[in-house]
Every structure is written in C-alpha cells, then in structure tokens.
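The structure under discussion appears below in the form of structure tokens.
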Amino acid sequence: MSWIRETELSLIERLTANILKAGPMPRHVAFIMDGNRRYAQKRHVERQEGHTQGFDKLAETLRWCLNLGIHEVTVYAFSIENFKRSKEEVDGLIELARQKFGRLLTEHENLEKHGVCVRVLGDLTLLPLDLQQLIANAVVSTKAHNKCFLNVCFAYTSRHEIANAVKEMAWGVEQGFIKSSDVSEVLLSQCLYSSNSPNPDLLIRTSGEVRLSDFLLWQTSYSCLVFQSVLWPEYSFWNLCEAILQYQLSYRSLQKAQELHRKEEERQQMDADRTCVAELMQHRGNGKPLDVQSQQTALLNYTARREERVQCFLDALQHKRDTFFSDLSSQTVVA
C-alpha cells in the first residue's frame, strides 16, 4: 500500500473536520501505534499480518491528518527494545521496513506532489546496512520537500536519544565549537534527533496502554497526552477527531504551561550568562567594580559571542548528520 492513501473524506467527515478546524488545531501530532500484535491475535492471523495492517493504517491516518491541516506527524515505528523480541518477529519487522522504504522510493512523484519530507529518527547503525541505505535514500530524496513532514522513529528510544544529545554536546566542546558553560536545556533540545521539528502538540497512544514506553520523553513535557483503547489497525477518523477535541479542551492550559517554561528557560540562560560574565570580569579586572552600563555592555557582548559559538556548533552538527545520510545514500543498495 502507498504511504499516503489517495482517498477523500466523506461528507460527514468533511463537516466534522470543518467544525474542528474552527478551533485551535495541533500542528504536530505524534502516534504510538500500539496494538498490532493483539489485533493479530484477535483476528487469528500471524503477527506479521498485524504489523502489515498497522502500516496500512498509518498510510490512512496520514491522509486524514493532511485533510485536517496537520502538517507534521511523528510515529513510533520500531523501538530499540523491540530487538529483544523473538528473532522471527524482529526479522519480520525488518523485512517489512525494507518493503515499505523500498516502496516509498517508487512513490517520489506522489510524495513530491504533497510536499512530504520524510525524516527517520533513531540510531540507524543498529540496523542492517541495506536497510540503512534504503532509509538514507528516502531521507535524501525527500529532503527538499517542505509542505508536510513525516518523522519515523526507527531503532529509537528517548533515553538513547537524550544520551546521544549529551555526547554530541561533549563532541562540540572537544572540537572547540562551544564551551562547557554553553551547555543548557535549550542546547540539549537542539541536539536531539528531532531538532528540526517543533515539539508535538498532541501525542496519541492506542491499545489502552497508558505509558510513553520511552518515546519523546523530552519533547512531550508540555504536550497533550491522549490514551485510547482502540487497537492501532482498527483506528478510525473518529478516534483521531476525539483526540483532537481533547487537545482543544486542554489548549489554554497547555499554552500557559509552555509559555511559563519558555520564560523560565530564558531566565536560566540569562542567569548563566551573568554568572559567566562576572567570573570573566573577576579574572580580568583590577578589583574595581564595573558600573551598570559597563556590566550591561559586557553581558550583551558575551551573549552575542555565545550565540555565535552555539550556531557554529549546530551548523557543524547538522553537517555531520547530513553527511551520514548522503554517504549512505551514495552507496549501492545491497539486494
């Protein structure tokens, strides 16, 4: 099945969509697509068929999101923890990924028509080389698209992502791009796999489980979390509308919490800059306190230099990541 189903909403679905869009709509929705195995058990079919039906439901859900004006979707496709499952199931999931990413490469015109940029977030080095190459080809071939974004978390857990972000900052310090004093919550956020995306407004988990299972723990601190009992392959347009309605009901409190957090981050950064400037002045000064104007000038100069350092580091980090994908993509895909 295509990654995006070419189907239109029914009349009643269009009416419902228009009513929902009169209120605040999430720009970015994340899905924990849970319940494929239970669906297979329920239908007395092989587990692999449950996973295949789960992908088909993703394709359908992406089309609903486009119709609702949701232009960014992140999905939890394969957790690092999934490697602990039986070899038969893991091999089946890897083979399904090969098929679907291979299919994506044949649908470039459709993805270009909708402007879909596909990003894959995770530690791809844990995957077979041929799958890494397929994924890299998909990422590189859609990189220029900018109308909507599909982030596929594959070989991913949030703790692994956060640990990797810390390593990236350590690399930046070792390479001389940044100082240890430049490290902050904001910088860590910019070093995550998801740094090119805004945080999800809404996270949905299906199957009745009420935990995040190590998915986007950092990014969803101020998101609306909705847990629904339906199994993922049975997910419907109406289930999505219900989740969006819950988001709208929580919208004001979410916005307030996000704004308070943003201001707190700014305050922490300002305090950190003041501390660094005070230490520098203590080392360089002659013991005489600076007047207020001189202190303010020193603070502004330090902040400008820090921001310049951080931007150089982030540019280098992005180049390193782009090079990883472009190098893989330039290799011949192993059959």
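Sequence positions, counted from 1, serve as the residue numbers for this chain.
Linking Ile, Leu, Val, Met, Phe, Trp and Tyr residues whenever their side-chain heavy atoms come within less than 4.5 Å leaves V29 and L217 in two separate clusters. Both M25 and L254 belong to a common hydrophobic cluster when Ile, Leu, Val, Met, Phe, Trp and Tyr are linked at side-chain heavy-atom distances under 4.5 angstrom. Hydrophobic clustering, with ILVMFWY side chains joined whenever heavy atoms are under 4.5 angstrom apart, keeps L104 apart from F149. Clustering ILVMFWY residues whenever any of their side-chain heavy atoms sit less than 4.5 angstrom apart, transitively, puts L328 in the very cluster that holds V152. Hydrophobic clustering, with ILVMFWY side chains joined whenever heavy atoms are under 4.5 angstrom apart, groups L58 together with V230.
The shortest heavy-atom contact between K57 and P233 is CE-O, 3.1 Å.
With contacts defined as side-chain heavy-atom distances shorter than 4.5 Å, the pair M270/L299 qualifies. By the 4.5 Å heavy-atom criterion applied to side chains, C117 and L150 are not counted as neighbours. Contact annotation: the side chain of T142 never approaches that of V116 to less than 4.5 Å [non-hydrogen atoms, C-beta and beyond]. Using a 4.5 Å cut-off on side-chain heavy atoms (C-beta onward), I32 and E209 make no contact. Residues L203 and V226 form no side-chain contact, since every pair of their non-hydrogen atoms from C-beta on lies 4.5 Å or further apart. By the 4.5 Å heavy-atom criterion applied to side chains, W238 and E13 are counted as neighbours. The side-chain heavy atoms of Q132 and F324, taken from C-beta on, include a pair separated by under 4.5 Å. Residues E89 and R37 have side chains in contact (heavy-atom distance under 4.5 Å, counting atoms from C-beta outward).
Under the 3.5 Å distance criterion, with hydrogens and angles disregarded, a donor-acceptor pair is assigned to the side chains of E72 and S197. Checked by atom type, the side-chain pair N137/Q133 shows no donor-acceptor distance below 3.5 Å. Judged purely by distance below 3.5 Å, without hydrogens or angles, the side chains of Q190 and E168 never pair a donor atom with an acceptor atom. When only modelled atom types and interatomic distance are considered, R211 and S213 share a side-chain donor-acceptor pair under 3.5 Å. Counted by atom type alone, E265 and Q269 present zero donor-acceptor pairs between their side chains at under 3.5 Å. Checking T206 against D34 by side-chain atom types alone, no donor-acceptor pair falls below 3.5 Å. Judged by distance alone, the side chains of W218 and S158 never bring a donor and an acceptor atom under 3.5 Å apart. For the residue pair S330/D327, the side-chain donor-acceptor check at 3.5 Å is not satisfied. A donor-acceptor pair shorter than 3.5 Å can be found between the side chains of E49 and Q53.
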Next item on the list: Before giving the answer on salt bridge (charged side-chain N to carboxylate O under 4.0 Å, His left out), spell out for R305 and E308 the whole-Å C-alpha distance, their side-chain angles and the decisive distance to 0.1 Å.
Entry: CA-CA 5 Å; R305 291 196 300 271; E308 184 178 357; over 6 Å; no
Check: Run the side chain to side chain contact (heavy atoms under 4.5 Å, CB included) check on E234 and R43 step by step: do they pass?
Finding: CA-CA 11 Å; E234 297 175 336; R43 293 298 181 94; 3.9 Å; yes
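Residues satisfying the ring-ring contact (aromatic ring centres under 6.0 Å, His included) criterion with H71, sequence neighbours excluded, are absent altogether. Y247 pairs by the ring-ring contact (aromatic ring centres under 6.0 Å, His included) definition with Y251, not counting sequence neighbours.
Between F83 and F78, a ring centre-to-centre spacing shorter than 6.0 Å is recorded.
With hydrogens and angles disregarded, no donor-acceptor distance shorter than 3.5 Å links the side chain of Q228 to the backbone of S207. Looking only at distances, no side-chain donor or acceptor of N151 sits under 3.5 Å from a matching main-chain atom of R119. The backbone N or O of N36 sits nowhere less than 3.5 Å from a side-chain atom of H51 that would complete a donor-acceptor pair. N82 contributes a side-chain N or O that, together with a main-chain N or O of S79, makes up a donor-acceptor pair within less than 3.5 Å. Counting only distance, with no hydrogens or angles, the side chain of W232 and the backbone of G35 share no donor-acceptor pair below 3.5 Å. The closest donor-acceptor contact from the side chain of S329 to the backbone of S326 lies at 3.5 Å or more, if one exists at all. No donor-acceptor pair closer than 3.5 Å links the side chain of N301 to the backbone N or O of A298. Without hydrogens or angle criteria, Q258 side chain to Y222 main chain gives a donor-acceptor distance under 3.5 Å. Of the possible donor and acceptor atoms, none in the side chain of N110 sits under 3.5 Å from a partner among the backbone N and O of E107. For T303 (side chain) and L300 (main-chain N/O), no donor-acceptor pair under 3.5 Å exists by modelled atom type.
Here L314 contributes atom CG and E307 contributes atom CD; the two are 11.5 Å apart, rounded to the nearest 0.5 Å. To the nearest 0.5 angstrom, S194 atom OG is 8.5 Å from N196 atom CG. Atom NZ of K42 and atom CZ of R38 lie 11.0 Å apart (nearest 0.5 Å). Between atom CZ of residue F154 and atom OH of residue Y193 there is a gap of 14.0 Å, rounded to the nearest 0.5 Å. The structure places CZ of R14 at 10.5 Å from CD1 of I12, a figure rounded to the nearest 0.5 Å. To the nearest 0.5 Å, the span separating CG on L15 from CG on L20 amounts to 11.5 Å.
Residue F237 is tested with T61, L9, N67 for a side-chain contact (heavy atoms from CB on, under 4.5 Å); the sole match is L9. For the side-chain contact (heavy atoms from CB on, under 4.5 Å) criterion with L127, the lone passing option out of L124, D130, D123 is L124. Between F31 and the options T74, L202, V73, a side-chain contact (heavy atoms from CB on, under 4.5 Å) holds for only V73.
Atom CD of E95 is surrounded by more than 12 heavy atoms from other residues, nucleotides or ligands within 6.0 Å. When the shell of 6.0 Å around NZ of K21 is examined, it contains more than 12 heavy atoms from other residues, nucleotides or ligands. No more than 12 heavy-atom neighbours from other residues, nucleotides or ligands sit within 6.0 angstrom of CZ on R252. Enclosure of atom CZ in R159 is not indicated, since only 12 or fewer non-hydrogen atoms of other residues, nucleotides or ligands lie within 6.0 angstrom. Annotation: Q41, atom CD; neighbour count of heavy atoms from other residues, nucleotides and ligands within 6.0 Å does not exceed 12. Under a cut-off of 6.0 angstrom, the local environment of NZ in K320 is crowded, with over 12 non-hydrogen atoms contributed by other residues, nucleotides or ligands.
The residues R274 and D271 are annotated as salt-bridged, a charged nitrogen and a carboxylate oxygen being separated by less than 4.0 angstrom. Look at K263 and E266 and you find no salt bridge, because none of the NZ, NE, NH1 or NH2 atoms lies under 4.0 Å from a carboxylate O.
A perpendicular orientation is assigned to the rings of Y76 and Y156, their planes being inclined by more than 60° (bins at 30° and 60°). The aromatic rings of F313 and F177 lie tilted to each other, with the angle between the two planes from 30° to 60°.
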